Amino acid sequence: EIYENTLLLIKEKQPWLKNFINNRLLDFYFNRKNNIKCIEIADAIIESKPKNVCNIMIVKAKAMNDIGDINSAVSVMEEVLNLNPEIAEARLFLGYYYFLSAKQSIKDGNFTIKLPQKRGKKSEEITYENTDIYSALKRAKSYLDIHSLTNKRPYVKNIIKEIDAMISAFESPISSN
């Protein structure tokens, strides 16, 4: 508390140090898991358009995720990738988000599968898929399946294999017996 109060006092008395102090406060709040203040300070820093805006946005998204505001965290991470599509942390976050949401939907049974057509009609021409799960899996793969991620993080290759298996299961028609 003394450290925080000292930083706030310096920020008040020395306004030219505002950006520097805000960065220190952001680290302080993030490390202490004071997510609400972390988000507030991150917004203040982002308004000043710093060079490291993507890093600040990632911290903000993590804080949002920690308080359960996952949709906002996803939106912020997507903004980060709009600014710089090569940021691995944002790609991993979004890839895992879509992968885990698809797995959870399957586990919970929140999907429907069309039944094959009756005999005499060509069921091979029909693709059976659940659009939400299928698109979530495709998005997860698009975020994770880049050369820089798979080379530095071998476990990502395993997740991509699992995603591919799930995608092919949703793309394959159900055989009628």
Side-chain angles (χ1 to χ4, degrees), residues 26-27 29-31 33 35-36 38-39 42-43 45-46 51-119 121-177:
L26 182 67
D27 289 342
Y29 293 140
F30 184 72
N31 291 328
K33 296 290 184 193
N35 296 311
I36 302 298
C38 183
I39 294 167
D43 284 337
I45 295 170
I46 291 168
K51 290 180 183 178
N52 65 340
V53 69
C54 289
N55 296 337
I56 305 301
M57 292 172 75
I58 288 170
V59 171
K60 177 182 176 181
K62 287 178 178 180
M64 290 173 155
N65 188 50
D66 286 350
I67 62 171
D69 192 359
I70 297 166
N71 292 331
S72 295
V74 167
S75 296
V76 171
M77 287 296 197
E78 286 174 346
E79 284 180 53
V80 168
L81 288 182
N82 285 336
L83 295 172
N84 184 350
E86 298 300 316
I87 296 182
E89 197 164 359
R91 295 187 80 80
L92 286 169
F93 180 91
L94 291 169
Y96 286 138
Y97 167 76
Y98 287 111
F99 172 62
L100 294 175
S101 67
K103 278 183 79 168
Q104 189 63 44
S105 292
I106 292 168
K107 182 180 175 185
D108 293 344
N110 293 333
F111 62 94
T112 55
I113 298 176
K114 297 177 186 175
L115 296 173
Q117 294 179 348
K118 293 185 179 182
R119 291 183 186 204
K121 296 184 181 178
K122 294 183 179 180
S123 62
E124 300 85 49
E125 296 175 9
I126 301 171
T127 301
Y128 305 95
E129 64 185 54
N130 175 282
T131 325
D132 295 331
I133 294 173
Y134 182 78
S135 63
L137 290 169
K138 286 288 199 177
R139 288 181 96 174
K141 185 174 179 180
S142 72
Y143 286 121
L144 295 174
D145 197 11
I146 63 168
H147 184 69
S148 62
L149 278 183
T150 54
N151 277 350
K152 293 180 183 175
R153 296 167 178 87
Y155 61 90
V156 173
K157 287 182 183 179
N158 294 330
I159 292 172
I160 291 171
K161 285 179 188 175
E162 189 175 345
I163 291 171
D164 285 339
M166 293 168 76
I167 287 172
S168 68
F170 274 97
E171 288 176 340
S172 302
I174 302 170
S175 60
S176 58
N177 293 333

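If you read the sequence from its start, that first residue is 1, and numbering goes on from there. For clarity, every value in this text was computed on a predicted model and none was experimentally measured. Just so it is clear, the values below take in all heavy atoms, side chains as well, and ignore hydrogens, waters and symmetry mates.
- Between Ile163 and Asp145, every side-chain heavy-atom pair lies at or beyond the 4.5 Å cut-off.
- The side chain to side chain donor-acceptor pair (under 3.5 Å) analysis of residues 156-167, with sequence neighbours excluded, yields the pairs Lys103-Glu162, Lys141-Asp164.
- Heavy atoms only, all atoms of each residue included: Ser101 and Ala136 are closest at OG-CB, 4.3 Å.
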Identify every side-chain donor-acceptor pair in residues 78-88 under 3.5 Å, counting partners at least two apart or on other chains, and give the distances.
{"residue": "Glu78", "atom": "OE2", "partner": "Tyr98", "partner atom": "OH", "Å": "3.0"}
{"residue": "Glu78", "atom": "OE2", "partner": "Arg139", "partner atom": "NH2", "Å": "3.3"}
{"residue": "Asn84", "atom": "OD1", "partner": "Glu86", "partner atom": "N", "Å": "3.1"}

Review item, side-chain donor-acceptor pairs of residues 59-66, under 3.5 Å, at least two apart:
{"residue": "Lys60", "atom": "NZ", "partner": "Asp43", "partner atom": "OD1", "Å": "2.5"}
{"residue": "Lys62", "atom": "NZ", "partner": "Glu89", "partner atom": "OE2", "Å": "2.3"}
{"residue": "Asp66", "atom": "OD2", "partner": "Lys33", "partner atom": "NZ", "Å": "3.2"}

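- Minimum interatomic distance between Phe93 and Ala73 (heavy atoms only, all atoms of both residues): CZ-CB, 3.9 Å.
- Rounding to the nearest 0.5 angstrom, the gap separating the CE atom in Met77 from the CD1 atom in Ile70 is 12.5 Å.
- You'll find the side chain of Tyr97 reaches within 4.5 Å of the side chain of Asn71, heavy atoms only.
- We find the CG-CZ distance between Leu26 and Phe30 to be 8.0 Å, quoted to the nearest 0.5 Å.
- Rounding to the nearest 0.5 Å places CD1 of Ile67 at 6.5 Å from CG of Asn35.
- One N or O on the side chain of Arg91 and one on the backbone of Ser142 form a donor-acceptor pair closer than 3.5 Å.
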Query raised in the report: Could you go step by step and tell me if Ile39 and Asp69 meet the side chain to side chain contact (heavy atoms under 4.5 Å, CB included) rule?
Result: CA-CA 11 Å; Ile39 294 167; Asp69 192 359; over 6 Å; no

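- For the atom pair SG (Cys54) and CE (Met57), the distance works out to 6.5 Å, reported to the nearest 0.5 Å.
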Query - Pair Ile160-Phe99, side chain to side chain contact (heavy atoms under 4.5 Å, CB included): steps then yes or no - result: CA-CA 9 Å; Ile160 291 171; Phe99 172 62; over 6 Å; no

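- Put simply, CG on Asp27 and CG on Asn31 are 6.0 Å apart, with the number rounded to the nearest 0.5 Å.
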